[in-house]
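So the structure is just underneath, and the comments pick up after that.
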Amino acid sequence: MSKELYIQFYRTMYKIRIFEKRIEEFSLKAEIPGFVHLYIGEEAIATGVCANLTHADYIQSTHRGHGHTIAKGAQVDRMMAELFGKSTGYCKGKGGSMHIADFSVGMLGANGVVGGGYTLAAGAALAEKIRKTNNVSVVFFGDGASNRGTFHEALNMAAVWKLPVVFICENNEWASTTPYLDVTSVQDISVRAVSYSIPGVIVDGNDVMKVYEESGKAIERARKGEGPSIVEMKTYRIKGHYVGDPEMYRTKEEVEKRFDANDPIKRFKDKIISEGVLSENDFKEIQEKVINEIDEAVQFALDSPYPEVEELYNDLYID
Amino acid sequence: MSKELYIQFYRTMYKIRIFEKRIEEFSLKAEIPGFVHLYIGEEAIATGVCANLTHADYIQSTHRGHGHTIAKGAQVDRMMAELFGKSTGYCKGKGGSMHIADFSVGMLGANGVVGGGYTLAAGAALAEKIRKTNNVSVVFFGDGASNRGTFHEALNMAAVWKLPVVFICENNEWASTTPYLDVTSVQDISVRAVSYSIPGVIVDGNDVMKVYEESGKAIERARKGEGPSIVEMKTYRIKGHYVGDPEMYRTKEEVEKRFDANDPIKRFKDKIISEGVLSENDFKEIQEKVINEIDEAVQFALDSPYPEVEELYNDLYID
Amino acid sequence: MREITFSEATLEAMKEEMERDDTIFVMGEDIVRQGGIFGQFKGLPDSFGIERVIDTPISETAIVGAAIGAALVGMRPVADMHFADFMGVCMDEIVNQMAKIRYMFGGQARVPMVIRAPDGLIRSAAAQHSQSIEAWFNNIPGLKVVTPSNPADAKGLLKAAIRSDDPIIYFENKDLFRQTGEVPEDEELLVDIGKAKVVKEGTDVTIVSYSIMMQKALEAAQILESEGYSVEVIDLITLSPFDEETVLESVKKTHRLLIVHEAVKIGGLGGEVAAVVAEKALDYLDAPIIRIGAKFTPVPFSPVLEEAYRPKTEDIVEGVEGMFK
Amino acid sequence: MREITFSEATLEAMKEEMERDDTIFVMGEDIVRQGGIFGQFKGLPDSFGIERVIDTPISETAIVGAAIGAALVGMRPVADMHFADFMGVCMDEIVNQMAKIRYMFGGQARVPMVIRAPDGLIRSAAAQHSQSIEAWFNNIPGLKVVTPSNPADAKGLLKAAIRSDDPIIYFENKDLFRQTGEVPEDEELLVDIGKAKVVKEGTDVTIVSYSIMMQKALEAAQILESEGYSVEVIDLITLSPFDEETVLESVKKTHRLLIVHEAVKIGGLGGEVAAVVAEKALDYLDAPIIRIGAKFTPVPFSPVLEEAYRPKTEDIVEGVEGMFK
Ligand SMILES: Cc1ncc(C[n+]2csc(CCOP(=O)(O)OP(=O)(O)O)c2C)c(N)n1
Ligand SMILES: Cc1ncc(C[n+]2csc(CCOP(=O)(O)OP(=O)(O)O)c2C)c(N)n1
Ligand SMILES: [Mg+2]
Ligand SMILES: [Mg+2]
């Protein structure tokens with residue numbers, strides 16, 4: 001494992017964390033409008049998975065998509081601007097948090113429809129298969145989303161056609177206000193791989209190295225034309241479902257206990273320090289740079305203009 | 001095994017066979033309008049399954065629904081009239097083959113939408129669970145239908161809530177013109193039970209006794225409040241997908257070979273004769289009675305009037 | 001009279017009806033632990049237990065499909081759609097099963113169920129969480145579509161919908177949930193399904209609207225009255241099949257028609273209302289019909305664009321003024 | 001000129017376009033082995049291989065979703081719906097993804113895809129296999145809806161749809177597939193999307209129609225001409241967004257408008273056409289607008305009822321005659 005990769009992983013996870021914290025702040029003040037779902041506590045997943053991808057590969061994201069977008073290589077300033085509804089945002093302010101996308105890096109969009117991404121990801125993979133490239137397509141989805149019919153249709157199709165697509169389950173134990181086991185007939189979502197004669201594996205989703213390695217295997221398999229897999233990342237949703245969620249369905253203590261024991265960023269930092277690869281000072285340096293970058297992104301967003309009203313009719317049809 | 005049950009099984013299967021043959025004849029002559037899908041060669045399934053049910057139990061059927069309807073206890077004359085589009089039909093001529101139903105015996109309808117029945121069956125089961133009866137609900141579905149998203153949503157829901165519903169797969173190896181393995185990621189549909197932590201079993205669907213026994217276990221389990229199962233009946237579609245299908249996708253020989261070796265009615269008759277329970281003469285008697293009944297049904301249908309044009313607006317709203 | 005919120009009004013309707021009739025149950029996503037996104041199910045599990053107030057998986061086809069199945073065998077399910085935007089997921093269940101079953105089966109079946117569907121713009125919820133999609137269902141015989149514009153109707157209409165033997169889609173505007181209004185304490189408060197309401201009488205122009213846009217319609221009416229116009233305002237309440245008679249009668253009196261809804265104007269319900277009038281009361285019209293609705297784009301996120309997208313009171317005022325020029 | 005069937009015309013369009021552009025592929029249920037229910041895909045696998053002519057599982061959400069995903073990354077998929085009736089299954093993919101992706105993402109994405117959807121009545125196929133559902137999509141910005149009424153347009157319009165960079169729903173009437181007509185042997189035969197066609201000029205009344213009902217419109221026109229009326233007939237071709245200008249211009253000339261479609265009249269596309277005219281050309285109208293469409297019920301099975309349900313030539317004739325009384 002190279003030091004560069006360690007640094008990259010840490011920097012990406014930390015960037016996501018700081019990005020989300022600033023978003024939370026502005027969202028609570030209603031300066032960021034719309035529904036906002038934070039990725040705090042799940043940073044290792046996007047980071048580890050996307051480290052296996054190039055910009056020629058695709059991801060389909062979810063309503064909780066900031067982490068995926070950052071990990072896939074999007075710029076935080078244009079992301080931030082989008083979340084503020086500014087014209088300099090990736091979607092010119094038309095999308096916002098639930099519809100963030102950066103096609104230039106292969107990030108094909110967050111999705112406000114839970115389970116909306118599976119079939120699109122399969123389609124991108126189908127395109128690459130027809131074109132005989134070795135690009136792959138990855139779709140992130142939640143435990144809750146695993147009960148959508150689209151899960152079944154996309155997986156069956158992907159399996160039958162051996163499409164280069166990887167299904168990454170982010171099992172954070174909650175679907176909004178509902179514990180996933182209340183509404184899900186299996187403990188491990190990845191068990192459902194059996195229904196499609198494909199591999200299904202379970203991974204500690206808060207261990208970025210494990211995420212990287214196990215998703216890497218599935219991605220490699222897809223790249224070689226051996227078809228799809230389900231990789232289930234076990235994690236936990238630290239924040240409310242959306243910013244402003246009263247969280248009447250669980251106690252603060254419950255959540256804090258889980259986070260303290262299992263913060264993926266802290267865990268990774270401890271590991272690197274214990275391995276002697278980086279020092280506290282190295283971390284400080286990375287952190288400062290990231291904080292700086294996010295501060296600049298916030299400033300960029302604040303300084304940017306709102307779209308002109310005339311923009312309303314643009315981007316509807318091409319012909 | 002009682003002699004009465006043997007007779008009942010044989011009579012029901014034979015009745016379905018003769019019914020379908022007459023339907024085919026009139027459908028080819030276009031005297032029966034609309035799309036017609038025949039159940040020939042699959043008679044053992046509906047017969048064996050429904051023998052475990054009372055009229056207080058429900059079934060949801062498919063586009064290939066005549067067999068289910070007969071086995072659930074509907075009258076062939078009113079069925080025949082429906083298929084002819086006559087006002088004396090079960091649906092007053094408004095439904096036809098794809099929408100045949102007899103609510104009085106718990107037959108909640110054929111369905112023109114493949115995979116449309118799963119969730120409805122789960123709902124009927126949910127009702128019984130809420131009302132704390134021990135009635136069960138059964139849904140028939142094809143191999144092709146097992147790739148619909150509704151399969152997944154209904155099974156997950158039924159499993160989580162332990163609903164008294166049984167999923168009977170009629171795996172006849174074909175989905176219209178497509179061999180099921182071309183579009184299905186598992187050899188055995190029942191394997192998919194794993195995705196819902198429920199039992200899944202494979203049954204020789206052309207052996208009416210096995211069908212009766214195995215579906216009986218699943219139905220009993222559901223009745224006792226232990227939740228859903230998938231029971232997969234292996235069979236083969238003997239006729240074209242619909243009456244008039246040019247069947248360019250397979251050879252006549254292929255089909256005949258399968259039928260000759262595995263006609264469920266012939267198999268059952270041979271078995272009963274070899275066991276000495278009934279004689280050739282007994283069969284002749286049953287057969288004659290059935291043929292008579294179907295002839296009368298045809299006559300009833302032919303003699304019945306078409307609906308009055310004013311009927312068009314009836315049965316739309318209640319209030 | 002006491003004032004309660006729109007959300008509380010629907011909650012009362014649920015409670016009273018569920019007490020009255022134990023075949024009624026409700027299911028949807030996230031309704032048990034937090035009482036629904038808009039508080040519209042708050043406390044129901046305590047009163048009726050989680051057998052009758054049911055959290056579902058994220059499986060809209062199963063939610064609506066199961067409601068249909070339960071209705072077929074004698075229950076009266078209420079299915080919550082979370083956001084109306086997700087009705088596309090279960091569109092097949094709604095149009096090919098729910099709406100058609102009774103007819104296809106020649107009247108053998110009853111499908112007494114209600115789909116509750118929170119719709120409309122709300123704080124930059126963007127393209128997939130802001131839609132008003134009532135027009136989709138207008139062309140579908142066999143179901144009824146209703147929507148209240150205030151707390152009292154919210155209660156009476158939901159009660160009536162639950163009691164109806166027909167399948168009903170009950171759209172409830174998301175922004176209305178927190179608004180308050182007078183609601184009589186009457187367990188038999190029922191709003192007639194199929195009937196529009198003349199909310200304000202007038203003689204110069206008829207404004208037809210429904211749901212949240214009723215407020216802008218009334219606001220505009222007030223402005224217009226101050227300018228000397230006599231404005232009649234009709235709340236459609238039932239959107240499909242809608243009450244032609246009340247609309248036609250009004251137009252025959254006022255000779256002018258403006259229709260306003262929050263849904264996209266083109267292809268919206270306003271077209272159907274306009275067409276009926278152009279067919280059956282054309283000779284009475286003294287001015288072109290005006291339709292006002294959202295712009296023909298998906299709902300944009302940015303507050304600036306969302307505002308530009310949304311139909312406004314002044315659009316109505318200017319529209320009516322223009323009729324007299 | 002040579003005559004070919006409507007089905008063959010669409011097949012030629014597919015072949016020519018797939019030869020021209022190898023990013024085009026087609027997928028759907030049962031298209032490989034038997035060439036589609038209406039022969040509309042016959043022989044395509046031989047020409048282009050099963051990599052580009054793909055049999056799918058019975059998974060409409062995956063068919064349309066995968067088409068969207070493939071389009072997003074540069075392909076030009078054609079997705080077959082088997083029967084238009086099943087579009088409810090993938091309605092979410094159509095309206096929340098396909099139609100909105102480009103706009104939501106601020107123009108980053110292109111979704112050049114075509115959904116082929118056989119619709120309409122055919123030999124007692126009953127409630128779930130006979131629908132005309134074009135009106136559902138009229139209220140949805142971001143997609144286009146087109147439908148041809150004859151073999152030549154079937155070819156030119158399908159080619160244009162495949163070449164378009166926008167997502168397009170191409171409705172093709174099931175009963176038209178076997179009909180024959182002259183089709184020029186021209187690889188650049190393209191029908192303009194967004195433009196209606198004045199198929200027959202006249203001065204007394206404008207009949208607007210599309211798809212199979214164009215035949216009845218023209219039949220009625222002929223009868224009416226023999227009675228002394230001069231009838232203008234417009235084929236809309238593009239249903240959403242439709243060509244207002246051509247319709248308005250015609251009505252301004254003829255002063256009378258009748259719209260006819262096979263879809264249920266109430267809530268149908270005719271309402272939108274009527275409303276636009278009532279808004280923008282009311283003063284030109286010398287008679288009430290007439291809309292003709294199917295009756296407000298699910299499609300009944302029995303031939304007698306199906307016939308009663310279906311709009312007829314004499315409805316059109318009587319409608320126009322009534323305008324002059
Ligand atoms: C089709 C659909 N149904 C319901 C919703 C409302 N909704 C948004 S997020 C969510 C929970 C998703 O849970 P999960 O998939 O586990 O993702 P997580 O939020 O835990 O990351 C729900 C129900 C939606 N957006 N789309
Ligand atoms: C949602 C939907 N998609 C497609 C069809 C068209 N269709 C009718 S039957 C059929 C094949 C069904 O195969 P299977 O489920 O195996 O049942 P079988 O016909 O073999 O009994 C198809 C594709 C349909 N009716 N509904
Ligand atoms: Mg979750
Ligand atoms: Mg089959």
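Naming: A, B, ... by sequence-line order, numbering from 1 per chain. Heavy-atom basis, side chains included; hydrogens, waters and symmetry copies ignored.
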Chain B contact via [X] - side chain, backbone, both or neither, heavy atoms under 4.5 Å:
| X | result |
| --- | --- |
| C:Glu60 | backbone |
| C:Thr56 | both |
| C:Asp166 | both |
| C:Gln97 | side chain |
| C:Asp165 | both |

Heavy-atom distance under 4.5 Å between the side chains of C:Gln108 and B:Asp102, does that happen here?
-> yes
Taking atom CG of B:Leu302 as the centre, report whether more than 12 heavy atoms of other residues, nucleotides or ligands fall under 6.0 Å from it.
-> yes
Using a 4.5 Å heavy-atom cutoff, which residues in [range] come close to chain C?
| range | answer |
| --- | --- |
| residues 49-78 of chain B | B:Tyr58, B:Gln60 |
| residues 120-127 of chain B | B:Leu120, B:Gly123, B:Ala124, B:Leu126, B:Ala127 |
| residues 79-91 of chain B | B:Tyr90, B:Cys91 |

Heavy-atom pair count under 4.5 Å with chain B, highest-scoring of C:Ile193, C:Val111, C:Leu143 | C:Leu143
By side chain to side chain contact (heavy atoms under 4.5 Å, CB included), which residues pair with B:Ser185, not counting sequence neighbours?
-> A:Asn156, A:Ala159, A:Val160, A:Tyr196, B:Arg192
Geometric cation-pi criterion, B:Lys94 with C:Tyr103: 6.0 Å, 45° = yes
